[in-house]
Structure formats: structure tokens, C-alpha cells
Student: 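The structure follows.
Counting convention: from 1, in listed order, for ligands and their atoms alike.
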Amino acid sequence: MKYIRYEEKDKIEKYGVLEGELIREIEWDLFGDYMPTDITNDINDVKILPPCTPTKIVCVGLNYRDHAEEMNSKLPEDPRLFIKPNTAIIGHEDTIIYPDHMSSRVDYEGELAVVMGSRAKGVNIDEALDYVFGYTCLNDITARDLTAKDLQYTRGKGFDTFAPFGPFIETDLDASNLHIATYLNGEIKQSSNTSMLIFNVPKLVSFISNVMTLLPGDIISTGTPSGIGPMRKGDTIEVHIEGIGILRNYIG
Ligand code: MG
């Protein structure tokens, strides 16, 4: 099932499930059961919002073998974690604001994102997927000059609008073997498969939940494959993930 959060002209936030090009509005106990209503909307007639409202976005650096090679980095022994603030969140079709008062190198990083469905603390690898609600696309926008300069990631990864994700959450998906690609102005720049992950989704959920409690709606962004590169104002950037869909954003 594909879950979507959206608003119509009335600006009232609603949840729905996708039925082809139609959104069926639902009454939803978040991450629990939902009741379909009789109300439907064409997906082209609504504003798509980020599909959930996480308290935190836990990101994993250097988690694809091909990306570790392009960065000339040794494979990490443990997942490398950092956090993007939830004030960085924007949705599908929103504009990423280029922070040119501080940075002159802003990169895309197309990533598979895990959406947590229930509170997870200290969970084992073999039960980790029971805590996952579904999956979406995330673009881990990065001011590469600042992450290099600061050594810490908070500034280079944390600007407002640096965490676009969506457009919806797919719940019926095996995330272990999905094609992932990023297109800049229609040209393919990243192309890989989630089978290339150094630490897979169950390992990440377990590892992170042994560091911090994960809450329903929290996001784990699983890292980016090779092919990272810069964007400029006026560009269009898309993250495509098999079985989920396309996250499209503009640079302004
Ligand atoms: Mg990343």
C-alpha cells in the first residue's frame, strides 16, 4: 500500500492511500489501522506533503560499496551515523534553497529511506523489520565544501530544505534488492541497487535502536551509492526507487 499525506486548496492536512492516479482519503490512527472513506482526489489536483513528520532523520554515511570506493574510503566497521534536523524537511516538488551565503558546492545524494512504524529500543536484527512501517525516497542534500571543512556534518547536511523526502510511503516492499537511481535534469547520475548496501535495513534498525530510541514516523536514510555530484540553481533533481516511485525537487 502507498500512503500519502496531502492537502487540497483548503490547506487542511489529510492522509490517503494511492489507487492508481487516485488518492482515497483515509481516517488513520497513524501507523496503525485505517478506515477508507468515500472521498477521492486526482493526485494531480493536490499538493503532496512529506508523507510523515519524523522527530529525527538518522542518516548513514558511506553505506554503499560503490560509494566507499569513489570516496577512496575503507569500508566502515560500524554504520556511520549523523542526524539531519526535521526543519530540513520538504516534500515532493518543493524547492531546495541553495545556501550560497555559505556554500558553493551543493550535492544530491539519492537514498532509500526507512519509515519506522513503532517505538524501537534495543531491538535485535531478526525482529527489526517488525518495527518498520515502510519505505520512501530521500535526497540527502549536502554542502560538500562544508562537510569537508567542518569535519562535523551538522552544518553541511542541516540547512533548511536539505531533506526532501516522499512522495509516499510504500509498505509492501522487500527493500533488499531495489534499483535506485538519481537523475539531474533528466540525465542519469547515480544507478545502483540496495543489495549493494554494506549494512542492510535490519542491521541499521537494530544498530541505531541500540543507540537511540526510534519513534513512529522517524526516518533512517540508508546512504547513497556512487555518482554523487553538484547541482546548480535552476536544476531539477529526481530520486527513483523501484517499487516506490519518483521524488522530484528543484534547486532555487
Ligand atoms: Mg547520504
Student: Within the 3.5 Å criterion, strictly below it, is a donor on T224 or E109 matched to an acceptor on the partner's side chain?
Tutor: no

Student: Under the salt bridge (Lys or Arg N to Asp or Glu O under 4.0 Å) test, which residues partner K11, sequence neighbours left out?
Tutor: E7

Student: Taking the Mg ion (ligand 1) as the centre, count the protein N/O/S atoms lying under 2.8 Å from it.
Tutor: 3

Student: Will you find, in the side chains of K189 and T182, an N or O donor that is under 3.5 Å from an N or O acceptor?
Tutor: no

Student: Are side-chain N/O atoms of T55 and D218 paired as donor and acceptor at under 3.5 Å?
Tutor: yes

Student: Can we call the ring centroids of F133 and Y3 under 6.0 Å apart?
Tutor: yes

Student: With clusters defined by side-chain heavy atoms of hydrophobic residues (ILVMFWY) lying less than 4.5 Å apart, directly or transitively, does Y135 cluster with L49?
Tutor: no

